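Have a look at the structure below, then the notes.
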2 protein chains.
Amino acid sequence: MTRKLETFLERLETTNTVDDLSSLADILRDTYGVKNMSYLATNLNGLPFVSSTYDPKWAQHYEDQNYMLIDPVVRGALLQFNPLDWKQLDWSSKRTREFFHEAVDFGVGRQGYTIPIRGPNGQAAIFAINHDSNDAGWDRYIGEHAHDFMLISHYFHQKALAATHTTEPIEGRDLSPRELDVLKYLGIGLSRGKVAEILKISEHTLRVYVDSARYKLGALNTTHAVAIALARGVIAV
Amino acid sequence: MTRKLETFLERLETTNTVDDLSSLADILRDTYGVKNMSYLATNLNGLPFVSSTYDPKWAQHYEDQNYMLIDPVVRGALLQFNPLDWKQLDWSSKRTREFFHEAVDFGVGRQGYTIPIRGPNGQAAIFAINHDSNDAGWDRYIGEHAHDFMLISHYFHQKALAATHTTEPIEGRDLSPRELDVLKYLGIGLSRGKVAEILKISEHTLRVYVDSARYKLGALNTTHAVAIALARGVIAV
DNA sequence: TCAACCCTCCCCATAAATGGGGAGGGCGAA
DNA sequence: TTCGCCCTCCCCATTTATGGGGAGGGTTGA
């Protein structure tokens, strides 16, 4: 374990408030000698959480222009589990190239590395560092530091969860095996009739399971029940 | 970075097939001196993927008895982002205590440490090690090795994705902002009428967005469209 | 200039979901 | 023994979703 990592993790360990976490962005940028660092979580206790070294004007502009919808970094983070080098993203469209040049004008580095992070209940965060460097230098830098950033990004997220008091929902009781089956099949698009056929039960019976699952999950309708079950990870599509 | 970690990651780096990955379980167990190691992914290219040192009879029994529904390790992994020490799980019910004793009889260690892993599209995996040790010894062991296991579990998952040719779905086009809005609101349980009211559009217009989103996602109905959007991480509940 | 897409709105008819009610057998824990 | 839950099944009436059809204005990129 590098001394930089050890030092930073010790610092992170003693960090407990949202403000302190936010301040760590500057420390990480300086410790690791990159142009920018950012951590953006979208669903901590229902709120976004940002800790970044970006120019606040860039952050505001990014939000005003709804750039999250076209940012290839965000798209890549949604699609992949593995960390992403910005070079491997799709910058081919005019819009994304213009976005990139705007970002650079606001001080964002031309090379970037992003680690997608996912938690329960649709929690998602994106940890990124960026810098100005040539390809070979950046590849070498990432080769040397990828493990550090993998650890830092995950422990940072753990701290963000704690600092924002994000806890897992406990309301509702566990679903029965049949209730899970029903929601699973409905979640992959089958009709109630088809699900009943597959499970060899009547639609009336299936209806009882749907209603019971809705009640246990506190769902307002079937779509909501399926959505909650997916978010909880008890079913998948 | 410890020599053990470095050695294991180098080994992992040259591993590319499902069989080789499965074999790494024994190597990890021996390298780190634990009783058992297991990696279980539920949704790689639509199939489960297991690499573990458990007695195959235990694995079969676990599946036959549907223990995934009562295993506190699984429940904890669904609910939390942070790694879990098995001591912090809820073993209070008679069923879970009996399950635990059965597991021990089959050679599972009494102390355990689990790292939940989540990818896009509802991908989920559970990485766990377990051993027989007293509390203090186990705590010290985990204190020394938590960073190693955090890295190993994530790189292992990356390799499992590659070995199983698990790729992100590309079908369908991006959803428009309004389509995303509509699915988001429907996913948190609002009725079509209420969503139309909130977005200040008519239900007829909302219907067009629902139908368009269904078409783009290849969804069979509205519930399915919401489920796919959630799995893709473009909306959240 | 044209095509594709986004955003907006409407209609008819049918199928499905939901609100709300009823029922019984079996199993396990207190 | 009793209670709570799981699994199973049924009914009526109303509301909502869906199949399938129509329409127009604006913007952007080839």
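Quick caveat, the model's predicted, so the values are computed rather than measured. Order of the sequence lines sets the chain letters (A, B, ...), proteins ahead of strands, with each chain counted from 1.
Atom P of nucleotide C:dC5 and atom CG of A:Leu69 are separated by 18 Å, given to the nearest angstrom. Look at CZ on B:Arg95: it is 8 Å from P on C:dA29, rounded to the nearest Å. Here the C1' atom of nucleotide C:dC5 and the CG atom of B:Asp211 are 16 Å apart, to the nearest Å. Taking atom OH on B:Tyr215 and atom C1' on D:dG20, their separation rounds to 16 Å, with Å as the unit. Rounded to whole angstrom, the span from the CG atom of B:Leu190 across to the P atom of D:dT16 amounts to 13 Å. Nucleotide D:dA17 holds its C1' atom 14 Å from the CG atom of A:Leu186, rounded to whole Å. Counting to the nearest Å, the C1' atom of C:dA29 and the CD atom of B:Glu98 are 12 Å from each other.
A:Phe49 pairs with exactly one of A:Leu21, A:Leu40, A:Thr42 by the side-chain contact (heavy atoms from CB on, under 4.5 Å) rule, that one being A:Leu21. Just one residue in the list A:Lys184, A:Arg214, A:Lys216 forms a side chain to side chain donor-acceptor pair (under 3.5 Å) with A:Glu179, and that residue is A:Lys216.
If you look at B:Phe127 and B:His154, their ring centroids are not closer than 6.0 Å. Taking the six-membered ring for Trp and the full ring otherwise, A:His61 and A:Tyr67 have centroids separated by under 6.0 Å.
Checking A:Glu179 against B:Leu220, the closest nucleotide of DNA chain D that is more toward the 5' end is the one next to A:Glu179.
Here A:Thr222 lies in heavy-atom contact (under 4.0 Å) with sugar-phosphate atoms only. Nucleic acid contact for A:Asn221: sugar-phosphate only, since backbone atoms but no base atoms lie under 4.0 Å from a heavy atom of the residue. Among the protein residues, B:Arg214 comes within range of the sugar-phosphate backbone only, with heavy atoms under 4.0 Å from sugar or phosphate atoms but none that close to a base.
To the nearest 0.5 Å, the span separating CG on A:Leu190 from CD on A:Glu197 amounts to 10.0 Å.
Judged by distance alone, the side chain of B:Trp91 and the main-chain N or O of B:Trp86 form a donor-acceptor pair under 3.5 Å.
Residues B:Ile201 and B:Tyr209 meet the side-chain proximity criterion, which asks for heavy atoms closer than 4.5 Å.
Within the structure, a side-chain polar atom (N or O) of A:Lys216 is placed less than 4.0 Å from OP1 or OP2 of D:dC6. For B:Ser176 and C:dC5, the shortest distance from a side-chain N or O to OP1 or OP2 is not below 4.0 Å.
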Quick one: which protein N/O atoms are closer than 3.5 Å to N/O atoms of nucleotides 8-14 of chain C? Pair and distance per line, please.
from	atom 1	to	atom 2	distance (Å)
C:dT8	OP1	B:Arg178	NH2	3.1
C:dT8	OP2	B:Arg178	NE	2.8
C:dT8	OP2	B:Tyr209	OH	2.4
C:dC9	OP2	B:Ser202	N	2.9
C:dC9	OP2	B:Thr205	OG1	2.8
C:dC9	O5'	B:Thr205	OG1	3.2
C:dC10	OP2	B:Ser202	OG	3.4

